[in-house]
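Structure first, commentary second.
Note that the structure is a prediction, hence the values are computed from the model and not measured.
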Amino acid sequence: MSNTRGAIARFPGAFPALGLKAVVPLPGLAAAPFPWLAVSIVGPIHQLQIVNPLSGVPVHVVTIPASHNGGIESLVWHRSSKTLYLATGSSLYAWNPTNPKLVHRIGEVPGASTVYELTLDTAGNIWGGTYPTGTTFIYTPATKKIQTHSRLASDTHYARRLAIGPDDTVWIGTGSLKPRLFSFPAANPGQRTEIQLPEPMSNGFISSIAVLGNRVAVTASDITAELLLDPASKKWAGQVNRMWASRLTSTEVKDSGRIYSISKGYLYATDTSTWQDTKLGPVGTSAPLALIATATQVLVASQIPTGLRLEYFNLATGNVATVRTVSLTPGEYKIQSLMGHSTGNIYVGGYMGHGVAAINPDTGARWHSPHDEDVVNQVEGMIEFNGQRCYIGSYGSADIISMDSLKKDRSDGYVRLDRLSRRYHQSRPFGWAVNSRNVFFGTVPDYGLAGGVLGMINPRTNKIAWVLDGRGTGFVKAHSIIGLTADERYLYGTSSVRNGYGLPDTKGPAKVFKLEIATRKKIWETTPVRTAGALYAPKRIAGWLVVADIEGINIIDPATGKLVARHRLTQASNAAARPGWADADLAQVREGSKVVHSAAGTTTVVDFRSGTRAIIGSPAGKERFGTRLASTPSGRVFGYTGKTVLVELDLQPVKVAARKKPAVPMQRPNG
């Protein structure tokens, strides 16, 4: 066995982007009519940008090298110490204007993989919530120690929303199972009160919590109203039916008893003693990132393609007096999905992204879907039906989207065929397949649920023809559908025991199934690899069904579903790794017997007919490549490295290995 040259072409920043996550005012940082702003953007570079609203560009741009792929999850400003605390991944950081080009890592929150909703108590301590430990933590600057608390409830993995009132009562919102509130005094985290929603839900999230005036304002999944809780009695005390855009309000203006919010392009003032609204006037956005109020005006911050739009609404005149824009420094999305197109272009979906991007690997030309396209979010999978039409699966409502390649530069070129979260409670469309007549998709369920669905699209009508959900338990019971392949008569699929986040994995191994398309009847369902909780990227090659896991490649008889042979390609162990949804991939080179497998940092090209294989990248080598692959009709295979760099992979060994007898005969099996 020998190696190839690895990557033979590189395309850095495959999906350049400027996705804004949050805008936080920094009062006291500088003398100005309105405070400077901290802006966080999605992605692994340029995550923190410090902005003077009166300037057209950021004052400071900071990259956090070890951050979460999605960037900064939460920020909170401590005015007296002039310190901005921020959370990314499982770590807590601090930014200070004395060293403005860097952030200081305070430490890791024990047990957490993600830290949520930083907030301050009256003593200046920093609080936050965690996943998957489902609890709170406190960082005390005086001692420089992080202390975690016990899990809020045995069925709670997310403590995602926090707020602290002026009396230092801590309010926490949970999910994904049985979302509800908890509260306790900051001085005694063990003294907890559990508060159910007015109409309890089996799954979902508390979306926001804010202590405003004499109430705690709460929003939750699929509830359009703001729910009002009496903090003294801990009883629900009404609601505000006008939905506050982005679940966002200003803080309460001192001595005025008013907060500000936006609905359908209009600014409203709300009296926090009576909870009566006053409609003030139009603004240029319905999705603000921040509302910063003074006694005389409200600054409304929102996103535009180049960065920030800042509108200064004059409360006396009832209109926007001034508009400024700030051109922020672009970042990059981490590569989440890839698709090789018949034109030779490689399409890219981004983690926590918006829209799609593409690169022509011959010319280097770049393309991005239009900024006013508002249908495509994080792309979990996509597939080409023909030169005119592609289909896209978008997280987090399992949106099934049709993209007209002839109108891809116009927003009306993107049509949502269905939102599978509504009827089927799905979240992520990972599995995709196509034959000459139809397109097929398979999904991962919503948070806190088990059981993915299987569906078919009729491209002639551009509608979903059918969806099979196993009467709500999943097409494969309590399994996610993560891989599909089709011929003219049959559809084959693979599953994962990984459910929606917040629910334990289903016990047992992953399954492979065969469906007769015309009758929608399952021919067989088997568990060919007993050690694997997930099987990925099925392909029909030379009459066999070839399926990936993180250890290598499995050859399955399509007539029976039985395992015929296995080829070990990595040092990973199926049994030792938690099953995933996209932890391995397999790309076929043209219609031949050569495939590329990528998992656990090892990428290998295998030719079944010649019986040879070669390593393209490995943990011991110079480069490691990710687990998303794409091939083109001309036989080129693309992957990614370093999160954001698209690469073309070399498929030719530097030194030709000795020919070996193929481990599996490539003639078509009987049946």
**Request:** Assign the ring pair Tyr158 / Tyr447 to parallel, tilted or perpendicular, where the plane angle (0 to 90°) is split at 30° and 60°.
**Result:** perpendicular
**Prompt:** Are Tyr501 and His157 close enough that their ring centers fall under 6.0 Å?
**Reply:** no
**Asked** Is the closest side-chain donor-acceptor distance between Glu252 and Thr272 under 3.5 Å?
**Response** yes
**Request:** Ignoring hydrogens and angles, tell me if any N or O in the side chain of Lys334 forms a donor-acceptor pair with the backbone of Pro44 under 3.5 Å.
**Result:** no
**Message:** Treating Asn96 as the side-chain partner and Lys82 as the backbone partner, does any N or O pair qualify as donor plus acceptor under 3.5 Å?
**Reply:** yes
**Prompt:** Looking at Glu226 and Arg215, does any basic side-chain N land under 4.0 Å from a carboxylate oxygen?
**Reply:** no
**Asked** Any idea which heavy atoms bring Lys407 and Asp412 closest together, and the distance?
**Response** NZ-O, 3.9 Å
**Message:** Does the plane of the ring in His78 sit parallel, tilted or perpendicular to the ring in Tyr85? Use 30° and 60° as the thresholds.
**Reply:** tilted
**Message:** Parallel, tilted or perpendicular: which one describes the rings of Trp95 and Trp77, with boundaries at 30° and 60°?
**Reply:** tilted
**Prompt:** Would you find a donor on one side and an acceptor on the other, under 3.5 Å apart, between the side chain of Ser286 and the backbone of Gly265?
**Reply:** yes
**Asked** How far apart are the closest heavy atoms of Arg419 and Ser397, and which atoms are they?
**Response** NE-CB, 3.3 Å
**Item:** Whether over 12 other heavy atoms sit under 6.0 Å from Lys145 NZ
**Value:** no
**Message:** Check whether Thr270 reaches the backbone of Asp277 with its side chain - one donor and one acceptor, N or O, closer than 3.5 Å.
**Reply:** no
**Message:** For a quick test of reading the model, state the closest non-hydrogen atom pair linking Met352 to Tyr333 and the distance between them.
**Reply:** O-CE2, 3.8 Å
**Prompt:** Got a donor-acceptor contact below 3.5 angstrom from the Thr119 side chain to the Trp127 backbone?
**Reply:** no
**Request:** State, to 0.1 Å, how close Ala14 and Val348 come at their nearest heavy-atom pair, and which atoms those are.
**Result:** CB-CG2, 4.4 Å
**Asked** Do side-chain atoms of Arg161 reach the backbone of Ser207 as a donor and acceptor pair under 3.5 angstrom?
**Response** yes
**Prompt:** What closest approach, in Å, do Leu181 and Gly173 show between heavy atoms, and which atom pair accounts for it?
**Reply:** CD2-CA, 4.1 Å
**Prompt:** With sequence neighbours left out, what residues match Ser208 under side chain to side chain donor-acceptor pair (under 3.5 Å)?
**Reply:** Thr219
**Prompt:** Backbone N or O of Ala287 within a donor-acceptor pair of the Thr285 side chain at under 3.5 Å?
**Reply:** yes
**Message:** Donor-acceptor pair, distance only, cut-off 3.5 Å: does the side chain of His354 make one with the backbone of Glu373?
**Reply:** yes
**Prompt:** Minimum heavy-atom separation for Leu162 to Gly129, with atom names?
**Reply:** CD1-N, 3.6 Å
